[in-house]
2 protein chains.
Amino acid sequence: MNNTKNHTHMHESGIEHFSGEMPQEETLQSLANLFKVFGDSTRVKILFVLAKSDMCVYHIAETLDMTISAISHQLSVLKKANLVTSQRQGKTIYYSLADEHVRLIFEQGLDHVCE
Amino acid sequence: MNNTKNHTHMHESGIEHFSGEMPQEETLQSLANLFKVFGDSTRVKILFVLAKSDMCVYHIAETLDMTISAISHQLSVLKKANLVTSQRQGKTIYYSLADEHVRLIFEQGLDHVCE
DNA sequence: AATATATTTGAACAGTTGTTCAAATGTTCA
DNA sequence: TGAACATTTGAACAACTGTTCAAATATATT
């Protein structure tokens, strides 16, 4: 699985950058999975409209001009990732952002994109 | 493309959450693309080892126990996203993190994952 | 120029992803 | 209970992604 044998490199930089230790394999996988959820424009748009106000599936679909089914599928992804929560009120189910992390992650990302 | 006609919803939440205005379609797409790059554990690992010290392809491959080719492909993705920079030094090409944004985005993500 | 080292590149492949469509599940109200 | 509303679910399909493999490029050394 590794074709790195018989290499003559002698480099050792010594420059220390990052604050913490290298996290566990499992943690890095979780981190990648979290970012993967943010890595789709439909989901990003959903999170943005939810950041403005709680909404039901119908209204999100209307706002983004997409089918209810497509939005529902993506909401289930967001819910599984604990980025949104839902609350039934009669026939309608309202979705909201799960916590402040979402906003903070967004702001960092926007900083980078809008530099 | 939209099956949301003839809906009887009357909801208007009024709850205002997010600091800024809804960004442009294009900006949201860029944001999603940025997160997409973070959404792979190999790339996350590469960024982590680069956060500790600048490294060449061979040593990254060695550290992550993967092929040089696989790492090289992913480095080109990271470079295209302006998350890493490279600097040739003789035969060897050293890679480094492009800026502090990477660290900040990571820290936000880790906060969420390790809650 | 020829050789060894260091890395990139492109095609190919299996695995994953997002949307659509049709059908199913819940909920409310007459 | 039956009809209307609100949303979810699963299968299907095309598009995309990450890794491998083999070959190409680039640099340094002799």
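In what follows, chains carry the letters A, B, and so on, assigned in the order in which the sequence lines appear, proteins first and then strands, with residues in each chain numbered from 1. Heavy-atom basis, side chains included; hydrogens, waters and symmetry copies ignored.
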- Query: Among residues 36-43 of chain B, which contact DNA chain D at a heavy-atom distance under 4.0 Å?
  - Reply: B/Lys36, B/Asp40, B/Thr42, B/Arg43
- Result for 5'-nearest mapping on DNA chain C, choosing between B/Lys79 and A/Ala70, is B/Lys79
- Note on the structure: Sorted by chain and residue number, the side chain to side chain contact (heavy atoms under 4.5 Å, CB included) partners of A/Thr42 (sequence neighbours excluded) come out as A/Asp40, A/Ile46, A/Met66, A/Ile71, A/Gln74
- Message: So, using side-chain hydrogen bond (donor to acceptor under 3.5 Å, both in side chains) as the criterion, who are the partners of A/Ser86 when residues are at least two apart?
- Response: A/Lys79
- Task: Output the single nucleotide from D/dA6, C/dT9, D/dT8 whose closest atom is nearest the side chain of B/Ser72.
- Result: C/dT9
- Query: So, is A/Gln74 close to the C/dT17 phosphate, meaning a side-chain N or O under 4.0 Å from OP1 or OP2?
  - Reply: no
- Rounded to whole Å, the OH-C1' distance (A/Tyr58 to D/dT8) equals 18 Å
- Task: May I ask whether B/His73 stacks on the base of D/dT19, given the cut-offs of 5.5 Å between ring centres and 30° between planes?
- Result: no
- Task: Name the orientation class of the two ring planes belonging to B/Phe38 and B/Phe106 (parallel below 30°, tilted from 30 to 60°, perpendicular beyond 60°).
- Result: perpendicular
- Item | B/Ile93 CD1 - D/dT27 C1' separation (whole Å) | 10 Å
- Output the distance between atom OH (A/Tyr94) and atom OG (A/Ser53), rounded to the nearest 0.5 Å. 10.5 Å
- Among the nucleotides C/dT7, C/dT19, C/dT9, whichever has the atom closest to the side chain of B/Val57 is C/dT7
- Query: Nearest-Å distance, OH (B/Tyr94) to P (C/dT5)?
  - Reply: 16 Å
- Quick one: B/Ile68 CD1 to C/dT9 P, roughly how many Å, whole number? 15 Å
- Task: Measure from CD on B/Glu62 to P on C/dT5 and round the result to the nearest Å.
- Result: 16 Å
- Message: Taking the minimum atom-to-atom distance to the side chain of B/Tyr95, which one of C/dT20, C/dT8, D/dA6 wins?
- Response: C/dT8
- Tell me: NZ of B/Lys80 to P of C/dT9, nearest whole Å? 9 Å
- Query: What is the distance from CG of B/Leu78 to P of C/dT8, rounded to the nearest Å?
  - Reply: 12 Å
- In chain order, what residues pass the side-chain hydrogen bond (donor to acceptor under 3.5 Å, both in side chains) check against B/Glu25, with sequence neighbours excluded? A/Lys45
- Each nucleotide of nucleotides 22-30 of chain C classed B (base within 4.0 Å of a protein heavy atom), S (only sugar-phosphate) or -, in 5' to 3' order, makes B----BS--
- Message: Going by side chain to side chain contact (heavy atoms under 4.5 Å, CB included), name the residues that satisfy it together with A/Leu104, two or more places apart in sequence or in a different chain.
- Response: A/Glu107, B/Gln108
- Spacing of B/Ile60 atom CD1 relative to C/dA6 atom P, expressed in whole Å: 15 Å
- Which residues share a side chain to side chain contact (heavy atoms under 4.5 Å, CB included) with B/Ala98, sequence neighbours left out: B/Thr85
- Query: Of all residues at least two apart in sequence or in a different chain, which pass the side-chain hydrogen bond (donor to acceptor under 3.5 Å, both in side chains) check with A/Glu26?
  - Reply: none
- Sequence neighbours left out, what passes side-chain hydrogen bond (donor to acceptor under 3.5 Å, both in side chains) with A/Lys80? Give chain and number order. none
